[in-house]
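To keep things clear, I will list the structure first and then write my remarks on it.
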Amino acid sequence: MIATFELRCSGCATPAQRHDAPCAACGELLEFALRTEACDPGAAREYAAMVAARRANTTSLDRSGIWRWRELLPQIPHDAIVTLAEGNVPLYDVPKIAAREGVAALAFFHLGMNPTGSFKDLGMTVAISAARAEGATRAICASTGNTASSMAAYAARAGMEAYALVPRGKISGAKLAQMRDYGVRVVEVEGSFDDALAALTARAEADAAVVNSINPYRLEGQKCTAFALLEARSWRVPDWVVVPGGNLGNSSAIGKGFREALALGLIDRIPRIAVVQAEGAAPFVQLYRSGRDLVPIVPHTIASAIAVGAPRSWRKARAELDASHGAAVSVTDDEIDAAKKRIGAAGIGCEPASAATLAGIARLRAEGSIAENDDVVAVLTGHVLKDSDASLRVADRSDVGA
Ligand code: F0G
């Protein structure tokens with residue numbers, strides 16, 4: 001199965017020459033659009049079997065849960081690829097939590113079990129590899145901590161310098177420590193993630209690759225979440241896939257992955273995508289539910305990873321929710337803490353932003369969007385050790401029960 005992709009605008013579909021600038025015609029973000037027309041299900045099944053068989057090989061590309069899908073990714077010379085064996089993550093069934101939420105099945109797809117402890121590695125391996133192939137010597141990003149940690153690790157592997165712009169005092173100490181371990185240069189910016197991203201855009205230099213999710217290579221890696229999840233379920237499509245939303249690159253990427261799996265004949269329907277945001281950082285929920293465009297806000301939430309007030313990929317995420325008949329919902333910080341306690345009590349654990357998914361499922365179930373007989377997957381995006389202060393705080397709370 002050979003898939004071809006065209007770099008073009010995600011808004012007006014104008015073909016683009018460069019991947020590192022917004023659309024010259026309308027200013028929207030770019031994407032790699034799949035060109036392949038539907039292939040027959042036999043060929044798709046054969047391809048899936050070949051990808052599964054690659055697991056048994058010992059080459060670094062086949063050991064990567066991302067590069068195993070390399071025919072479905074932008075083509076990058078193999079000697080430029082930087083991998084840390086990302087993408088081989090567990091799917092945990094949680095029948096007791098499913099019963100309590102009143103759904104037929106619930107599982108956590110734990111992307112926090114990646115090399116640097118978050119889903120960012122899935123995209124970073126592609127973004128840093130593409131940057132290396134183009135001869136970049138430096139990588140830069142704005143971050144609430146996970147993007148920067150992931151960038152720092154992959155840049156170090158590639159022998160590139162890395163610079164992270166982070167909101168001062170608003171990211172977890174564990175993430176700051178982790179990124180510094182990999183040797184990143186940290187620039188603290190006053191304000192929120194949005195201010196850090198604005199500062200980055202203002203100072204971006206030609207030889208530094210910007211590896212935030214505005215970089216279309218990042219999302220190509222992250223779309224493999226959809227393939228890996230389907231593979232882990234023997235290609236049984238769930239009814240809902242629930243994802244925490246910050247800058248909204250990940251929900252956009254996952255939606256794209258499912259649509260491509262459908263177009264390629266790997267599946268015959270797509271799951272509904274639900275985006276969950278923290279109540280104090282929910283500009284996407286507001287716009288999706290009101291039908292209006294983005295109104296930026298100043299974000300406040302204990303889930304520091306998703307404290308984003310002006311998500312750059314909101315149009316892409318809206319398109320994915322529309323395409324999948326999805327939903328957007330916000331949850332309070334107390335609900336996030338309670339959900340985090342329950343995920344910990346199941347022996348799994350995650351950082352607060354990821355726990356928002358379980359809190360969101362409860363909300364969506366209560367409002368009837370998720371039904372009693374639905375089969376639901378929550379995407380946990382960050383490892384429990386990513387925010388140890390939050391774990392200590394939540395463990396000491398007796399008012400939120402497990
Ligand atoms: N979960 C975690 C643990 C995150 O770190 C992020 C984003 C998200 C969810 C939301 O993903 O932005 O694609 O909608 N973290 C970014 C960062 C902002 O800088 O690490 P999104």
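The shown structure was predicted, so the numbers you read here are calculated from the model rather than taken from an experiment. Whatever order the structure lists ligands and atoms in, that order sets their numbers, starting from 1.
Given atom 12 (O) of ligand 1, the protein heavy atom at minimum distance is Asn247 N, 2.7 Å. When only non-hydrogen protein atoms are considered, atom 11 (O) of ligand 1 lies nearest to Phe119 CZ, 3.4 Å. Among protein heavy atoms, the minimum distance from atom 18 (C) of ligand 1 is reached at Thr144 OG1, 3.4 Å. Of all protein heavy atoms, the one closest to atom 13 (O) of ligand 1 is Asn250 N, 2.8 Å. Looking only at protein heavy atoms, the nearest one to atom 1 (N) of ligand 1 is Thr381 OG1, 2.7 Å. When only non-hydrogen protein atoms are considered, atom 20 (O) of ligand 1 lies nearest to Thr147 N, 2.8 Å.
Side-chain contact between Ile128 and Val211 is present, with at least one heavy-atom pair separated by less than 4.5 Å. Between Leu29 and Ser313, some side-chain heavy-atom pair lies under the 4.5 Å cut-off.
Taking every heavy atom of Ile306 and a limit of under 4.0 angstrom, the matching atoms of ligand 1 come to 8 (C), 9 (C), 10 (C). Within ligand 1, counting atoms from 1 as listed, the ones closer than 4.0 Å to a heavy atom of Gly249 are 13 (O), 14 (O), 21 (P). Each of the following atoms of ligand 1 lies closer than 4.0 Å to a heavy atom of Asn146: 2 (C), 3 (C), 4 (C), 5 (O), 20 (O). Heavy-atom proximity to Ala305, at under 4.0 Å, picks out these atoms of ligand 1: 2 (C), 3 (C), 4 (C), 5 (O), 6 (C), 7 (C), 15 (N), 18 (C). With ligand atoms numbered from 1 in the order given, ligand 1 contributes 17 (C), 19 (O), 20 (O) to contacts under 4.0 Å with heavy atoms of Ser143. Below 4.0 Å from some heavy atom of Gly245 lie the following atoms of ligand 1, by number and element: 14 (O).
Note on ring orientation: taking the six-membered ring where Trp is involved, the planes of His110 and His383 are tilted (angle from 30° to 60°). Relative orientation of the Trp69 and Phe227 rings is tilted, given thresholds of 30° and 60° on the angle between their planes.
Atom CG of Asp375 is separated from atom CD1 of Ile370 by 11.0 Å, given to the nearest 0.5 angstrom.
The side-chain contact (heavy atoms from CB on, under 4.5 Å) with Val377 is formed by just one residue from the set Phe109, Trp240, Phe108; it is Phe109.
Within 6.0 Å of CZ on Arg393 lie more than 12 heavy atoms contributed by other residues, nucleotides or ligands. Heavy atoms of other residues, nucleotides or ligands lying less than 6.0 angstrom from CZ of Arg365 number more than 12.
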Margin query: What verdict does the side chain to side chain contact (heavy atoms under 4.5 Å, CB included) test give for Glu71 and Met50, after you've listed the backbone C-alpha separation in whole Å, the side-chain angles of each residue and the deciding distance to 0.1 Å?
Written below: CA-CA 11 Å; Glu71 291 77 9; Met50 181 192 73; 3.9 Å; yes
Note to self: Run Leu111 and Leu380 through side chain to side chain contact (heavy atoms under 4.5 Å, CB included) and show every step you take.
What the structure shows: CA-CA 6 Å; Leu111 304 186; Leu380 301 183; over 6 Å; no
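Not a single heavy atom of Ser118 sits less than 4.0 Å from an atom of ligand 1. Taking a 4.0 Å cut-off on heavy atoms, Lys120 registers as neighbouring ligand 1.
The shortest N or O to N or O distance between Gly246 and ligand 1 is under 3.5 Å.
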